[in-house]
Amino acid sequence: MSQTKIFAHRGFSSQYPENTMIAFQAALEIGADGIEFDVQLSKDHVPVIIHDQTLDRTSTGSGVVGHYSLLELKQFSAGSWFHEKFKAEQIPTLEEVFLWSKNNALQLNLELKGYVWERQKMITIVFPLIKKYGLENRVIVSSFDHKMVRLWNEQYPMIETGIIVKSALYNPESYVRQLAALGYHFSFMSLTMEEAEQLIKSGILLRPYTVNQEKWIQIFINLKCDAIITDYPDLALTLR
Ligand code: G3P
Ligand code: MG
């Protein structure tokens with residue numbers, strides 16, 4: 001089995017404003033294997049990269065992301081909340097990330113967020129973009145919306161998917177299989193070591209999040225998880 005991959009959570013988010021191009025570029029430059037980022041739809045149905053449902057924490061905007069058109073979202077700084085020197089950062093679109101990714105080989109973990117009543121719209125918009133940029137073998141689609149993951153797999157089984165979970169599930173293996181997914185993106189303290197080993201043995205790809213402490217990074221590397229999702233890809237790379 002190959003070594004545990006290091007995915008930069010929202011880009012290199014401990015040093016750069018999360019979910020911005022500069023955070024993704026920094027992750028690439030330090031040698032991360034992949035980036036995880038959050039995808040939502042703008043008012044005019046353009047997939048944009050931002051974590052919260054609202055703009056307030058990570059941009060100069062205010063209110064619900066989905067209430068703004070792309071043109072409006074582009075007026076806000078997505079970097080100045082972190083530091084003045086990043087004020088030129090904008091909220092990226094998914095397509096901008098895909099364009100940029102043509103010049104590198106990073107794995108792209110798209111975490112699809114949004115309203116459950118827009119889940120089919122999200123799938124219908126995101127898949128053609130993956131196809132347009134020939135990224136079928138480099139993306140991993142994941143979501144807390146497990147129904148969306150199942151629907152995705154029914155429609156586009158050639159794309160790898162994972163479910164994101166916060167709680168400890170009773171039988172993660174059968175649940176993941178029921179959704180036709182491969183990845184189990186779990187909150188890092190929600191599995192015992194025995195359960196984790198058993199899941200790896202049965203072929204489930206374990207990707208704990210958000211693993212920022214040295215002790216835990218080391219544990220998951222030793223376990224040979226498929227990937228670790230971390231805000232500190234620099235630390236994880238050093239430990240690996
Ligand atoms: O994809 C793993 C992790 O990002 C899920 O939680 O809230 O950081 O998007 P959150
Ligand atoms: Mg996320």
Side-chain angles (χ1 to χ4, degrees), residues 4-21 23-24 26-27 32-41 47-59 64-66 78 81-82 91-94 97 101 106-116 118-119 122 126 130 138-150 152-153 159-169 172 175-176 179 181-191 196 199 204-213 216-217 220 225-233 235-236:
T4 299
K5 288 169 277 207
I6 308 301
F7 286 3
H9 182 237
R10 311 180 194 171
F12 192 169
S13 60
S14 53
Q15 296 281 332
Y16 297 85
E18 65 181 56
N19 286 323
T20 60
M21 292 310 301
F24 301 150
D33 303 293
I35 53 174
E36 184 270 359
F37 52 88
D38 307 288
V39 183
Q40 299 186 51
L41 295 178
V48 292
I49 313 303
I50 182 167
H51 178 271
D52 298 0
Q53 199 182 25
T54 52
L55 291 156
D56 304 68
R57 181 178 62 86
T58 61
S59 86
V64 177
V65 175
W81 69 277
F82 195 86
I91 297 169
T93 63
L94 181 59
V97 178
S101 74
L106 287 181
Q107 270 200 280
L108 306 170
N109 178 191
L110 281 58
E111 181 188 341
L112 304 184
K113 291 198 191 287
Y115 301 112
V116 290
E118 287 195 335
R119 58 164 73 102
M122 178 68 100
V126 170
I130 296 172
R138 278 174 58 194
V139 302
I140 300 162
V141 167
S142 64
S143 186
F144 279 107
D145 179 355
H146 298 174
K147 199 156 177 175
M148 171 149 65
V149 173
R150 170 73 205 204
W152 183 289
N153 288 327
I159 305 285
E160 195 190 314
T161 60
I163 59 162
I164 312 175
V165 292
K166 215 177 176 82
S167 0
L169 299 192
Y175 186 66
V176 170
L179 300 175
L182 202 53
Y184 192 63
H185 300 203
F186 63 104
S187 176
F188 73 99
M189 286 200 275
S190 67
L191 278 184
L199 284 167
I204 304 293
L205 301 179
L206 291 191
R207 302 191 184 104
Y209 71 89
T210 306
V211 193
N212 289 342
Q213 291 156 295
W216 285 98
I217 293 172
F220 290 119
C225 285
D226 179 71
I228 292 171
I229 302 173
T230 176
D231 298 330
Y232 294 86
L235 172 65

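Numbering of ligands and ligand atoms starts at 1, following listing order. Position 1 is the first residue of the sequence, and the numbers go up from there. Since the structure is predicted, the reported quantities are computational estimates derived from the model, not experimental observations. Just so it is clear, the values below take in all heavy atoms, side chains as well, and ignore hydrogens, waters and symmetry mates.
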Completion exercise
At under 4.0 Å between heavy atoms, what of T210 touches ligand 1? The answer is neither
Problem - R207 near ligand 1 by a heavy-atom separation under 4.0 Å - result: no
Handout entry: Closest approach of any protein heavy atom to atom 5 (C) of ligand 1, naming residue and atom
Key = E111 OE1, 3.3 Å
Practice task
Please report which non-hydrogen protein atom sits nearest to atom 10 (P) of ligand 1, along with the residue it belongs to and the distance in Å to one decimal place.
Solution key: H51 NE2, 3.3 Å
Problem - Aromatic plane relationship, F24 with F37 - under 30° parallel, 30 to 60° tilted, over 60° perpendicular - result: tilted
Practice task
Return yes if a side-chain donor-acceptor contact under 3.5 Å exists between D231 and T210, otherwise no.
Solution key: no
Problem - Exam field: side chain H146 to backbone I164, donor-acceptor pair closer than 3.5 Å - result: yes
Exercise for the section: Tell me which N, O or S atom of E111 sits nearest to the Mg ion (ligand 2). Expected result: OE1
Handout entry: Proximity winner for atom 2 (C) of ligand 1, if only heavy atoms of E36, K166, K113, H185 are counted
Key = E36
Fill in the blank from the handout: Of I228, I140, I35, T230, the one forming a side chain to side chain contact (heavy atoms under 4.5 Å, CB included) with F7 is I140
Problem - Validation row: L41, P47 side chains within 4.5 angstrom (heavy atoms) - result: yes
Completion exercise
At under 4.0 Å between heavy atoms, what of H9 touches ligand 1? The answer is side chain
Completion exercise
heavy-atom search around atom 6 (O) of ligand 1 in the protein gives F144 CE1, 3.6 Å
Completion exercise
For the Mg ion (ligand 2), angle spanned by E36 OE2 and D38 OD1 (nearest 10°) is 110°
Exercise for the section: Would you check if L179 and K147 make a side-chain contact, meaning some heavy-atom pair closer than 4.5 Å? Expected result: no
Problem - Residues E160, R207: salt bridge by 4.0 Å N-O rule - result: yes
